[in-house]
Structure formats: C-alpha cells, structure tokens
Number of protein chains: 2
Amino acid sequence: MNDKFDKQLQTKHIKPTAMRQLVLQVLTKQKTALSLPELEEIFVRADKATLYRTLKTFEKNKLIHSIDDGSGAVRYALCSEECDCSIEDLHVHFLCSKCNKTYCLNEIPVPTIKLPVGFSLENVSMVVEGICANCR
Amino acid sequence: MNDKFDKQLQTKHIKPTAMRQLVLQVLTKQKTALSLPELEEIFVRADKATLYRTLKTFEKNKLIHSIDDGSGAVRYALCSEECDCSIEDLHVHFLCSKCNKTYCLNEIPVPTIKLPVGFSLENVSMVVEGICANCR
DNA sequence: TAAGTAATGCAACCGGGTTGCAAACCTGTT
DNA sequence: AACAGGTTTGCAACCCGGTTGCATTACTTA
C-alpha cells in the first residue's frame, strides 16, 4: 500500500521515511495546495521543523512546487508526472477568496510575456484570485 | 514646492500631513516599488507603525497599489494618473533576482485568462522574475 | 556490533505585519 | 484664548510564518 509512495520518493531520490510517506500521502489526496501551517493542522503531533524540512526536501527534488499566492503563507502542491519544474511546466494558480484554497490550474499555462529590452526572464508567477467552483 | 504633493493627496481625499508628503515624495522619485522595511531604511527616524498606516491609507485611497512579488515583503508603487485600481489597470510586475528591485511594467497589461467553469475572477497578479536591465 | 551519516524533535530566533493605547496635533467653535 | 472633537503619531507589544542550531534518535553499511 505504501509501496506506491515509496517508489515515488525513490524515483526522486528521496529516502522514504515514515514522515515523508505520510506527507506525500496527504499531498496526493489533496486537491489543493497546502501551506506549512495547514500541514501542521493535519499532523498535530508532528514537529513544525520536520514538516518544514520535509517540504523543502520535496521541493528541492522536484516532487512538489511552491506557490506564493499572496495569502501570507507559501503553499505546496504535487508536480505532475512529466514536470521537471522548467519554464514550460509553469501553470496558473487560483486562490479562492472565500475558502482560501489554492488550486493548480495545470491545464492553463502561464502566457508568454514580451519583456522590455534588457530584461531577462527566469521565472513567472501568475495567481488569479476569485471565487472557486465549490464556493459559489 | 510641496504644493504638488499637497494637491495630489487632497485629490485622493487624504489629509496632507508632513509625514505623508515625505512618503509620497519618496514614492514619486522612486522608479521601483518599495516595501515597508525599505521605507523604514529611508526614514530611519520615523516610526514603523506610522509608515505602515501611511501606506495603508495611500492604498485605501488608491494613490498607490500593492504588489506581492514573493520576495517576502509586500511592495507599494504609485498608481498611474488614470488608474482606479480596476481589473483593466492591472499590469505585470518584474522582480530582479539580483538587485531585488520590483518594477511596474505599466505598459504590459496582465493577459486575459480563460478560467475553468464555475471559477470567477476578482483579481490577478503576475510577477516575472529575472535580471533587470540595470543588473546585466 | 560499531561507526558514520541522515532524519527528527525541541527550542529559540528572525522579520514583516498588525494592533492598543496614550500623547500630540489639528480644526472649528465659543 | 480656551476648549472639545476627531485625527495622526509614537511607542510598545504581539502575532505568525519561516528558519536555524543543536542534541537525540534512527538508519545504513562495513
């Protein structure tokens, strides 16, 4: 049963500890992106620093990506299968102003922008705020 | 000399105190968006809370707009003349990963996005990160 | 089993943001 | 000029998300 997560972690070269399996499990079943404080609420008995480092490890190894939606806390969501966190993998995120959940709109890529001369692009973040389908 | 700022404040129904004139002056001559901590560095003798409330007042009265570029601090920049902070006035912002300055790309409007069914739009933030013209 | 490395738990700290409250200030009125 | 009302300011304290140091525990491998 945990084999699936085990394998997933190993694929990304992350040692599959119990904590990591659990966090990956939660992130998998979650439809929306999770912040560290939210993760703390789910794992009430776990240590904040451990959760923090777990997320950082996942992010470093490109199992998850981070979103700063301006809600005050950085959120994290699973990367899709083929994602290698390059510019082409960037998608729009949606923050619901009612339930405060953040959605990955994986099917909506971030539009290309023509920057002024002399400006080079490394990364783009696009966050749409509004009311989500569940809250209306 | 201060008449210009005075008038500008009064137009937005903000009582023109000394502090507010000074902050507006700094924001005017600044080419990039400023955060509260950055403002504190400029006005070393001023109180953090006062600066904070000054920015909040300016924002409420649509003299400035705020940008969360994911750098950890919210930044503020003067609105352009005709701006009334509606969706049409939204523009792309640029965060330089070298000098950490945030630019308003006023001439680049935020592209329109087609959201999934059931999702409604209230606001959009688009921040491009890269190297600015001055740092290359 | 022993040594070495990695992960965890605990505590403390940092920095941006925010608020309560009292003092100072401004404005209009008597 | 003195006063009353409302606004702004300064100071202090606090909140919260994020981050780090360090000792302990768990894992791996010789």
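Both backbone and side-chain heavy atoms feed into the values below; hydrogens, waters and symmetry mates do not. Each chain gets a letter, A, B and so on, in the order the sequences are listed, and its residues count up from 1. All values reported here derive from a predicted model rather than from experimental measurement.
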Requested in this report: Fit a plane to each ring of B/His91 and B/His65, take the angle between them on a 0 to 90° scale, and name the class: parallel (under 30°), tilted (30 to 60°) or perpendicular (over 60°).
Outcome: perpendicular
Query raised in the report: Using a cut-off of 4.0 Å on non-hydrogen atoms, how would the nucleic acid contact of A/Thr50 be classed: base, sugar-phosphate, or nothing?
Result: base
Report task. Using atom CG of B/Leu39 as one end and atom C1' of C/dG17 as the other, report the distance to the nearest whole Å. Result -> 14 Å
Query raised in the report: Below 6.0 angstrom between ring centroids: does that apply to A/Phe119 and B/Phe94?
Result: yes
Query raised in the report: Whole-Å distance between C/dG16 P and B/Asn100 CG?
Result: 11 Å
Report summary line: To the nearest angstrom, the CG-C1' distance between B/Leu9 and D/dT8 comes to 14 Å
Query - Phosphate-side-chain proximity, A/Ser35 and D/dG17, N/O vs OP1/OP2 below 4.0 Å - result: no
Requested in this report: Please figure out whether B/Ala18 or A/Ala73 has its closest DNA chain D nucleotide nearer the 5' end.
Outcome: B/Ala18
**Report entry** Atom pair distance, as rounded to whole Å: NZ in A/Lys60 and P in C/dA6
**Finding:** 11 Å
Query - Residue pair A/Asp69 / A/Thr102, side-chain donor-acceptor N/O under 3.5 Å - result: yes
Requested in this report: Would you kindly give the CE-to-P distance between A/Met19 and C/dG9, to the nearest whole Å?
Outcome: 7 Å
Query raised in the report: How close or far is atom P of C/dC10 from atom CZ of A/Phe43, stated in whole angstroms?
Result: 16 Å
**Report entry** Main-chain N/O of A/Lys62 paired to A/Lys12 side chain as donor or acceptor, under 3.5 Å
**Finding:** yes
Report task. Quickly work out the A/Glu38 CD to D/dG18 C1' distance and round it to whole Å. Result -> 15 Å
**Report entry** For atom CZ of B/Arg75 and atom P of C/dG17, their distance in whole Å
**Finding:** 10 Å
Report task. Indicate yes or no for a side-chain donor-acceptor contact from B/Arg20 to the backbone of B/Lys15 under 3.5 Å, with no hydrogens or angles considered. Result -> yes
Report summary line: Quick tally for nucleotides 19-30 of chain D: nucleotides whose base has a protein heavy atom under 4.0 Å get B, sugar-phosphate-only ones S, the rest -, giving BBB---------
**Report entry** Minimum-distance nucleotide to A/Thr17 side chain [options: D/dG17, C/dA7, D/dT9]
**Finding:** C/dA7
Which pairs of donor and acceptor atoms, one on a side chain in residues 123-136 of chain B, lie under 3.5 Å apart (sequence neighbours left out)?
{"unit_1": "B/Asn134", "atom_1": "ND2", "unit_2": "B/Tyr103", "atom_2": "OH", "d": "3.4"}
{"unit_1": "B/Arg136", "atom_1": "NE", "unit_2": "A/Gly118", "atom_2": "O", "d": "3.2"}

Report task. Using the test salt bridge (charged side-chain N to carboxylate O under 4.0 Å, His left out), find all partners of A/Glu38 that sit at least two apart in sequence or belong to another chain. Result -> A/Arg75
